[in-house]
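Contents: one structure, followed by commentary.
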Amino acid sequence: MDAYGRTHAEEAGIRLRNTPAPLYQLLTLCVLFSVRIKADIAVAAARELFGAGLRTPRAMDASSWQDRVDALGRAHYRRYDESTSTALGEGAALLLDRYRGDLRRLRDAADGEPDRVRELLREVPRIGPVGADIFCREAQGLWPELRPAFDSRARHAASELGLPRTPEDLARLVDAEDLPRLAAALVRVELSAGAASDLRKPD
């Protein structure tokens, strides 16, 4: 966790709290991660959007398609900039219409069911299984019903490191507020060539 436990939200400058704006910013980040693009570019794109003032569904909905394309372009979010601009605009409109811009209302609609949370998240344009998993992984520190959220990549990394393989057993290793960091660390180990073998080496 010391080496790899920084969450995507932290990297994007999101002060994650159970309030509408940071939850929407996390969802925006998940939209950006939902295409084949490097993680650092997705994070940079989120920072550009937020720096342009697009931190809430209402601000995103009020922005022009070109404004969003320009922000994504400044982060070198190439190939997907135009389609992602469209998805962000449509997603903001959906959230305003269905949840009055507040993802806590999506949580209420899911009635405490993690699978239903994922299902409702996937109704947002561009959010697929990966995007929904990222959201749940990072939001589990705020929404207890999502715990423990360790996707297949995190569980595989845990196995490689000699850690427990089930989400429930992994969750016992840390305090509840540290679950997002542990899950993030495991995914980063899985995606970093040689990280698991390096971490297994004796001092």
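The residues of the chain are indexed from 1 along the displayed sequence.
Put simply, CG on L88 and CG on L32 are 6.0 Å apart, with the number rounded to the nearest 0.5 Å. Summarising the geometry, atom CG belonging to D67 is positioned 7.5 Å from atom CG belonging to L54; distances are rounded to the nearest 0.5 Å. Summarising the geometry, atom CG belonging to L26 is positioned 8.5 Å from atom CG belonging to L103; distances are rounded to the nearest 0.5 Å. Note that the CG atom of D61 and the CG atom of L96 stand 5.5 Å from one another [nearest 0.5 Å]. The CD atom of E177 lies 12.5 Å from the CG atom of L182; values are rounded to the nearest 0.5 Å. With rounding to the nearest 0.5 angstrom, the OG atom of S64 is 7.5 Å from the CG atom of D70.
The pair R181-E10 does not count as a salt bridge, with every side-chain nitrogen at least 4.0 angstrom from each carboxylate oxygen. Between R104 and D102 a salt bridge is recorded (basic side-chain N to carboxylate O distance below 4.0 Å). D151 has a carboxylate O that lies under 4.0 Å from a charged side-chain N of R137, or vice versa, which qualifies the two as a salt bridge. Taking a cutoff of 4.0 Å between a charged side-chain nitrogen and a carboxylate oxygen, E119 and R122 do not qualify as a salt bridge. Between R68 and D81 there is no salt bridge, since no side-chain N of the basic residue sits under 4.0 Å from a carboxylate O of the acidic one.
Across every non-hydrogen atom of A21 and T56, the tightest pair is CB-CG2, 4.2 Å. Minimum interatomic distance between I14 and P22 (heavy atoms only, all atoms of both residues): CG2-O, 3.9 Å. When all heavy atoms of L170 and P164 are compared, the pair lying nearest together is CD2-O, 3.2 Å. The shortest non-hydrogen separation linking E138 to A9 is OE1-N, 3.0 Å. Nearest heavy atoms, R47 versus A12: CG-O, 3.6 Å. Residue G131 comes nearest to S34 through the heavy atom pair CA-OG, 3.6 Å, listed as atom of the first residue, atom of the second, then distance.
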(message) Could you go through V174 and M1, starting from their C-alpha distance and side-chain angles, then the distance that decides it, and tell me whether this counts as side chain to side chain contact (heavy atoms under 4.5 Å, CB included)?
(response) CA-CA 10 Å; V174 297; M1 286 173 64; 3.7 Å; yes
(request) Evaluate the side chain to side chain contact (heavy atoms under 4.5 Å, CB included) criterion for residues H8 and C30: first the C-alpha distance (whole Å), next the side-chain angles of each, then the deciding distance (0.1 Å), finally the verdict. (result) CA-CA 9 Å; H8 290 314; C30 294; over 6 Å; no
(request) Carefully, step by step, assess Y80 and L72 under the rule side chain to side chain contact (heavy atoms under 4.5 Å, CB included). (result) CA-CA 9 Å; Y80 303 105; L72 295 169; over 6 Å; no
(request) Run the numbers on L27 and I127 for side chain to side chain contact (heavy atoms under 4.5 Å, CB included), then give the verdict. (result) CA-CA 9 Å; L27 184 67; I127 295 289; 4.1 Å; yes
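A 4.5 Å side-chain heavy-atom check between L16 and T7 finds every atom pair outside the cut-off. Using a 4.5 Å heavy-atom threshold, the side chains of R107 and N18 count as touching. With a 4.5 Å cut-off on side-chain heavy atoms, Y77 and E48 do not count as touching. Proximity of R126 to S83: side-chain heavy atoms (C-beta onward) are separated by under 4.5 Å at one or more points. Here the side chains of Q25 and L49 are not in contact, with every heavy-atom distance at 4.5 Å or above. In this structure, the side chains of L179 and F150 come closer than 4.5 Å at one or more pairs of heavy atoms. No side-chain heavy atom of L94 sits less than 4.5 Å from a side-chain heavy atom of E90. Looking only at side-chain heavy atoms (C-beta outward), W143 and F135 come within less than 4.5 Å of each other.
In the hydrophobic cluster analysis, where Ile, Leu, Val, Met, Phe, Trp and Tyr join through side-chain heavy atoms closer than 4.5 angstrom, L146 is grouped together with V130. Under the 4.5 Å side-chain contact rule for hydrophobic residues, Y4 and F33 do not share a cluster. By the criterion of side-chain heavy atoms lying less than 4.5 angstrom apart, applied directly or through intervening Ile, Leu, Val, Met, Phe, Trp or Tyr residues, V187 is not grouped with I37; the two fall into different hydrophobic clusters. Hydrophobic clustering (ILVMFWY, side-chain heavy atoms < 4.5 Å, transitive): V189 and L173 are in one cluster. The cluster map of Ile, Leu, Val, Met, Phe, Trp and Tyr, joined by side-chain heavy atoms under 4.5 Å apart, puts I41 and V69 in different clusters.
Formation of a donor-acceptor pair under 3.5 Å by the T86 side chain with backbone atoms of E82 is found in this model. Counting only distance, with no hydrogens or angles, the side chain of R55 and the backbone of F50 share a donor-acceptor pair below 3.5 Å. S85 places a side-chain N or O within 3.5 Å of a backbone atom of W65 that can act as its donor or acceptor partner. The backbone N or O of S159 sits nowhere less than 3.5 Å from a side-chain atom of R165 that would complete a donor-acceptor pair.
No more than 12 heavy-atom neighbours from other residues, nucleotides or ligands sit within 6.0 angstrom of CZ on R58.
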